Amino acid sequence: MSENSSSRVSERAAELRAQLHEASHRYHVLDEPTIVDAEYDALMRELETLEATHPELVTSDSPTQRVGAHPSSAFAEVRHEVPMLSLANAFSEEEVAEFMRRIRDRLDQDISDQGGPLTFSVEPKFDGLAISLRYENGVFVRGATRGDGETGEDVTPNLRTIKSIPLRLHGKAPAVIEVRGEVYMPRAGFEKYNAAARASDGKIKLLINPRNAAAGSLRQLDARITAKRPLAFFAYAVGVVEGGSLPATHSQTLRKLREWGLPVSDLVGTADGVEGCLDYYKRIGAQRDILPFDIDGVVYKLDDLATQRELGFVGRTPRWAIAHKFPAQEQTTTVEAIDINIGRTGAATPTARLKPVFVGGVTVTNATLHNADQVARLDVRVGDTVIVRRAGDVIPEVVRVVAEQPRGAAPWQMPAHCPICGSAIVREEGEVVARCTGGLTCAAQRVQAIFHFAARRAMDIDGLGERYIEDLCDLGYLHSIADLYKLSLADLLEMKRRADERDGTTPETVKAGKVATKWAENLIEAIEHSRRTTLTRFLYSLGIQHVGESTAKALALWFGEIDIIRHLPWPILKLVPDIGGEVARAIDAFFSQDGNQRVIDDLLARGIAITDTHAPAPKLRAKLDFASLLAEVEIPKVTGKRALQIATAIDSFDALLAAKATVLVAIGLPVDTQESLQHYLAQAENRKLLARCARAATQLPAAIPGAASQAAGPLDGQTVVLTGTLVALTRDEAKAKLEALGAKVAGSVSKKTSFVVAGSEAGSKLDKAQELGVDVWDEARLMEFLRGQGS
DNA sequence: CAACCTCGAGTTCA
DNA sequence: CTCGAGGTTG
């Protein structure tokens, strides 16, 4: 080795040591971590490797030479008679196999090979804080943190506040026993605590993550604060034992601990050999997101205690155990830009463009920042280093900015103009979202509107993705949704050729004279196929504000025909349950725009066939009388009661519009109501609305006698919620079948929910159901029920 | 008018 | 899946 490279190695080692010291100090002493675990691990491993190949570089104060950090002086020190161990880590299957091979090799030297795979006690690796609990004659006398493994801090009063730590053991426990385990904060408690903290307007500090929360809570000097934190405990090992003995294996020891009243996780078990351990790793990994607490891997411990003793230690890590870690769910990266995205409704959503980073199994490059408030809360700026998490769900989020990094430029602000169309971006009073005011003149909104139209749950045009829509719009083939139905195969191919030319992406095969046409043929076919549709899908696909699937369905059910719906004044729309003033006005406003009416004309003229037209619902007819309708118009001071009073004297909108002032006085209304009504009637706009109501009410066709009344199903009046993945049915099929039996299928669980159908990997909805004591069906029960109903 | 329940809209990656 | 906001209800 040359002089030069050896000095570089020693410099790097010194640098790593400094970084690790600093990080460890901030983490353990200041409770303010600056780097995530994965990074710390990576630095530590690098240093370990360096020291392994250059043993002369090992210094006595190297972070590799101890497990944790200095205990803070605020707590009394406790020496661990039996040191608290730290485990070697494995990050891949190869490393696990290597670990097991090492054990075998070592044992083979000493004793004859007994054949068969080794048995391991397998456990989740809880993401919390390791502690030791001392019981004397069955009574909890002292608890300490791990500290550096040799010496920890006495946090007995804090530990006493944790309900899952027994203050007295059951049965015949040894006279003195030290139980080791992990204090952690369950996710639900963490969320609940933070929700309260958020509501406290900054008075209570937010907890960063459950693990930090657990560590921080235990290190409170005032145990009353600890008591307010939702902490829990799992036992997983034993230290000192006097006046008693333990079983021959670790798994039996855990069982004993459970007998003595200590909480041991249900997830512990045993596994044989590499294969068994890896199976366990996968099984626990699959459950990771739905567990009620955080884990960062699993631990394999050789089950037989005698063999453990034989294998012994390397430094402070045992040869007989290893932690197999999951891919990190948190990483740090830098914010390269903060862009804004314009949605279908014009909503301007800030998005962080991140330096690509591998988190929880995928590479993340984007993370939504939701809105300007969120950006301000986090104070994220371009150039900042941030922690990115891929939590329980799939969607990455920026957790926080790492303090002490050189800050980027000025605080981020929502731009005043849309980056796509240049229109003003406006945030309405009291709203969280800012919106581009460009409407359909904004290219981004136009593309999103067409994309929505083509969506599976809307017109279901398969193969029409965002990219094609963008190109079709940019190159002038598509101006509105109606244009979709005049696209020809030739148009599509020409568009593709021009787009490729523009981007310089013309494939070699095309240059060679071959043109790929299959995609275009499929798309034309898909557009063709979408022509036949239902009224619900059609209404939904128009992308009217506030009209999603369920509102579209209500409209279809109540009014029956697009030609009726497209001309209704909002007070009549408001008669439909679940449609209030805001939504009704949005629908009316949509249809009041000539451009939108023209698009609908075009669509219908080009052969959109709505297959399920019918007469208005009978329930609607009953509500169309003058008094009910008048109450919906929202004339100040004219409530339902007053409307009724007015209606007894004046029997129609026409009569009301024609009524002289003297007539209004004669009705006997209170003076303020009279004035309000007269003032209302004096305005041309209002008179126009009333006239429209009058006309629409008389023009709505009568109900078809006897039609549309649905047969009563066995699930009438029941509300069902589906969650998780079903095997035999898709969610949509299950929904359709349940609805056919009269059930209402809702999206979220509440007290009103009759029962929840939980498939595999059910998430928070299942928790909610259990919390509220709502019945939960598994898929088998649902299938059996459906069979019983003959479906 | 507050509490509760729904619905709509937006979101990431393979 | 989650948040925000609209609608209904006591």
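Because the structure is a prediction, the values reported are computed rather than measured. Reminder, nothing fancy here: chain letters follow the sequence lines and each chain counts from 1.
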* Between the side chain of Q597(A) and the main-chain N/O of R566(A), is any donor-acceptor distance below 3.5 Å? -> yes
Kindly say if [X] contacts the phosphate of [N], meaning a side-chain N or O under 4.0 Å from OP1 or OP2.
| X | N | value |
| --- | --- | --- |
| S550(A) | dT6(B) | no |
| S750(A) | dT6(B) | yes |
| T345(A) | dG8(B) | no |
| N366(A) | dC13(B) | yes |
| T551(A) | dG8(B) | yes |
| T351(A) | dT11(B) | no |

Calculate the interatomic distance between [X] atom [atom1] and [N] atom [atom2]; express it in whole Å.
| X | N | atom1 | atom2 | answer |
| --- | --- | --- | --- | --- |
| R187(A) | dC1(C) | CZ | P | 14 Å |
| E549(A) | dG8(B) | CD | C1' | 11 Å |
| I342(A) | dT11(B) | CD1 | C1' | 15 Å |
| L722(A) | dC7(B) | CG | C1' | 16 Å |
| E397(A) | dT2(C) | CD | C1' | 10 Å |
| N371(A) | dT11(B) | CG | C1' | 13 Å |

* Can you name the residues that form a side-chain contact (heavy atoms from CB on, under 4.5 Å) with D460(A), not counting sequence neighbours? -> R456(A), R537(A)
* Asked: With a 4.5 Å limit on heavy-atom distance, are the side chains of R353(A) and N366(A) in contact?
  -> yes
* Taking only the side-chain heavy atoms of K751(A) (C-beta and beyond), determine which of dA9(B), dC5(B), dT12(B) contains the nearest atom. => dC5(B)
With a 4.0 Å cut-off on N to O distance, would you call [X] and [Y] a salt bridge?
| X | Y | answer |
| --- | --- | --- |
| D578(A) | K553(A) | no |
| E632(A) | K574(A) | yes |
| R435(A) | E428(A) | no |
| D379(A) | R381(A) | yes |

* Asked: How does each nucleotide of nucleotides 5-10 of chain C score, in 5' to 3' order, for protein heavy atoms under 4.0 Å: base (B), sugar-phosphate only (S), or none (-)?
  -> SSSS--
